[in-house]
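Quick note: numbers below take in every heavy atom, side chains included, and nothing from hydrogens, waters or symmetry partners.
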Amino acid sequence: MKTTLLKTQNDLPKKVRSKVIELLNQNLAEILDLGLQAKQAHWNVKGPHFIGLHELFDKVAEELEEFTDDIAERAVELGGVALGTIQIVAKRSRLDAYPLNIASGKEHVAALSGALAKFGASTRAAIDTASKAGDADTADLFTEVSRGVDKLLWMVEAHAQSKD
Ligand SMILES: [Fe+2]
């Protein structure tokens, strides 16, 4: 999805900016999808651990929202257009569709853990891609995002890591 590169006095070469904007927009589509998946879990979870999970899933969505803004704005800072419409998200996101017919905490923990892990892995890969492209700042942003997502994954996944 190519968009026009806007003029900027940012000294990163045009070629680097183009490549990284594309990478940021791919990541943006997926983090928007992931944020909605966390909300889907927040709204629909049921069972004995309801309140803890309901609140945790909302915290996940809130933290992802901050990263989302940083990712979108970085694309614009580099002279790009942030591609964050729902139509683009639906077309571009490589995350699995969130299941609609689950209810228990266990099922939502499994579904959201899987989505967080998949997004975390592709964000980790994006660190290298941005770094090799010659944009250390975007690599640093992806490092921050993947570290944050690892932490969120831990907080969700911990519910499934013990039988007590
Ligand atoms: Fe809510």
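The two residues Ala111 and Ile102 come nearest to each other via the heavy atoms CB-CD1, 4.0 Å. In plain terms, the two heavy atoms of Val20 and Ala133 that are nearest each other are CG2-CB, 4.1 Å. Closest of all the heavy-atom pairs between Asn10 and Glu77 is ND2-O, 4.3 Å. Nearest heavy-atom pair, Ala160 versus Val109, reported as atom, atom and distance to 0.1 Å: CB-CG1, 4.0 Å.
Residues passing the side chain to side chain donor-acceptor pair (under 3.5 Å) test with Asp58, sequence neighbours excluded: Lys39.
Ile21 and Val76 fall into different hydrophobic clusters, where Ile, Leu, Val, Met, Phe, Trp and Tyr are joined by side-chain heavy atoms under 4.5 Å apart, directly or via other members. Clustering ILVMFWY residues whenever any of their side-chain heavy atoms sit less than 4.5 angstrom apart, transitively, puts Leu53 in a cluster other than the one holding Leu36. In the hydrophobic clustering of this structure, Leu6 does not group with Leu24; members are Ile, Leu, Val, Met, Phe, Trp, Tyr whose side-chain heavy atoms approach within less than 4.5 Å, directly or through other members. Trp154 and Val145 fall within the same hydrophobic cluster, defined by Ile, Leu, Val, Met, Phe, Trp and Tyr side-chain heavy atoms under 4.5 Å apart, directly or through other members.
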Trace of the side-chain contact (heavy atoms from CB on, under 4.5 Å) decision for Leu116 with Glu157: CA-CA 10 Å; Leu116 283 162; Glu157 205 174 35; over 6 Å; no
Stepwise side-chain contact (heavy atoms from CB on, under 4.5 Å) test for Asp140 and Glu144: CA-CA 6 Å; Asp140 180 62; Glu144 185 193 348; 5.5 Å; no
From CA spacing to verdict: side-chain contact (heavy atoms from CB on, under 4.5 Å), Thr8, Leu78: CA-CA 7 Å; Thr8 166; Leu78 297 177; over 6 Å; no
Test side-chain contact (heavy atoms from CB on, under 4.5 Å) applied to Gln26 and Arg94, step by step: CA-CA 9 Å; Gln26 181 59 42; Arg94 296 166 299 191; 3.4 Å; yes
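Formation of a donor-acceptor pair under 3.5 Å by the Ser146 side chain with backbone atoms of Thr143 is found in this model. No donor-acceptor distance shorter than 3.5 angstrom exists from the side chain of Ser162 to the backbone of Ala158, with no hydrogens or angles considered. Remark: side-chain polar atoms of Arg92 are not paired, donor with acceptor, to backbone N or O of Ala29 under 3.5 angstrom. Side-chain atoms of Gln37 never come within 3.5 Å of backbone atoms of Leu112 as a donor-acceptor pair (strictly under, hydrogens ignored).
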Show every donor-acceptor pair shorter than 3.5 Å between a side-chain atom in residues 42-51 and any protein atom, with sequence neighbours excluded, or say none if there are none.
residue : atom : partner : partner atom : Å
His42   : ND1  : His54   : O            : 2.7
His42   : ND1  : His54   : ND1          : 3.4
Asn44   : ND2  : Gln40   : O            : 3.0

Could you give the side-chain donor-acceptor pairs of residues 80-89 under 3.5 Å, partners two or more places apart or in another chain?
residue : atom : partner : partner atom : Å
Thr85   : OG1  : Ile88   : N            : 3.4

Only pairs under 3.5 Å count here: list side-chain donor-acceptor contacts from residues 59-67, not counting sequence neighbours, and write none if there are none.
residue : atom : partner : partner atom : Å
Lys59   : NZ   : Glu63   : OE2          : 3.1

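Here OG1 of Thr129 is found 13.0 Å from CZ of Arg124. Values are rounded to the nearest 0.5 Å. To the nearest 0.5 Å, atoms NZ (Lys132) and NZ (Lys19) are separated by 9.0 Å. Rounded to the nearest 0.5 angstrom, Gln161 CD and Ser113 OG are separated by 8.0 Å. Annotation: the span from Ile71 atom CD1 to Thr138 atom OG1 amounts to 10.0 Å, rounded to 0.5 Å.
Using modelled atom types, one finds a donor on one side chain and an acceptor on the other under 3.5 Å when comparing Thr123 with Asn27.
Identified under the ring-ring contact (aromatic ring centres under 6.0 Å, His included) test for residues 102-148, with sequence neighbours left out: Tyr98-His108. Residue pairs satisfying the ring-ring contact (aromatic ring centres under 6.0 Å, His included) criterion with at least one member in residues 69-90, sequence neighbours excluded, are absent.
Using a 4.5 Å heavy-atom cutoff, the side chains of Ser122 and Glu30 are in contact. Counting heavy atoms from C-beta on, the side chains of Asp135 and Arg74 come closer than 4.5 Å.
For Lys106, the NZ atom counts as loosely surrounded, since its 6.0 Å shell holds 12 or fewer non-hydrogen atoms of other residues, nucleotides or ligands.
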